[in-house]
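Following: one structure in structure tokens, then a few remarks.
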Amino acid sequence: QVQLVESGGGLVQPGGSLRLSCAASGSIFGINAMGWYRQAPGKQRELLASITRDGNTNYADSVKGRFTISRDNAKNTVYLQMNSLTPEDTAVYYCNADVSTGGTFYRAYWGQGTQVTVSS
């Protein structure tokens with residue numbers, strides 16, 4: 001069994017910053033790509049950023065230059081540093097990881113989500 005647990009969400013003023021963390025635990029043999037998504041009320045879940053095991057990153061245009069994804073492979077943890085936040089960034093943020101529990105088969109696991117609210 002694999003669990004992803006997010007932390008670091010909360011209430012922040014416009015222009016502020018937050019750092020999200022997502023730690024994977026359980027019967028982990030290996031982790032490939034990890035990523036962050038968000039879902040605002042009434043909207044579809046959108047991919048914000050992803051990072052490979054080797055550290056290659058990709059970002060959605062909506063967060064490029066403001067958000068930074070990173071990971072610590074030794075800790076099976078992925079981070080999302082969010083700067084210059086606006087009310088439009090208000091959403092539930094989810095982490096995702098492609099995890100193997102043995103062999104070469106990987107499947108996607110999701111965290112439970114953490115609320116980020118940007119408001120004055």
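Predicted, not measured: the structure shown is a model, and the values here were computed from it.
Residues Thr117 and Gln115 have side chains that bring a donor and an acceptor to within less than 3.5 angstrom of each other. Neither side chain, Thr77 nor Asp72, offers a donor N or O lying under 3.5 Å from an acceptor on the other.
Residues Glu46 and Arg38 have side chains in contact (heavy-atom distance under 4.5 Å, counting atoms from C-beta outward). Put simply, the side chain of Gln3 does not reach to within 4.5 Å of the side chain of Tyr109, judged on heavy atoms. Between Val2 and Ile28 the shortest side-chain heavy-atom distance falls below 4.5 Å. Residues Ser119 and Leu11 form a side-chain contact, since some pair of their non-hydrogen atoms from C-beta on lies under 4.5 Å apart. Between Val116 and Leu20 there is a side-chain heavy-atom pair separated by less than 4.5 Å. The shortest side-chain heavy-atom distance between Ser17 and Gln81 falls under the 4.5 Å cut-off.
Taking the six-membered ring for Trp and the full ring otherwise, Trp36 and Phe67 have centroids separated by 6.0 Å or more.
Here CZ of Arg45 is found 9.0 Å from CG of Asn96. Values are rounded to the nearest 0.5 Å.
A donor-acceptor distance shorter than 3.5 angstrom exists from the side chain of Tyr59 to the backbone of Ile69, with no hydrogens or angles considered. A donor-acceptor contact shorter than 3.5 Å links the side chain of Arg66 to the backbone of Ser84. A donor-acceptor contact shorter than 3.5 Å is absent between the side chain of Asn56 and the backbone of Ile51. For the pair Ser50 (side chain) and Met34 (backbone), a donor-acceptor distance under 3.5 Å is absent. A side-chain donor-acceptor contact under 3.5 Å links Glu6 to the backbone of Cys95. Between the side chain of Arg71 and the backbone N or O of Thr52 there is at least one donor-acceptor pair closer than 3.5 Å.
The hydrophobic cluster containing Val63 does not contain Tyr79, counting ILVMFWY residues as joined when their side-chain heavy atoms lie under 4.5 angstrom apart, directly or transitively. Residue Leu85 is not grouped with residue Tyr37 when hydrophobic side chains (ILVMFWY) are merged at heavy-atom distances under 4.5 angstrom, including chains of intermediate members.
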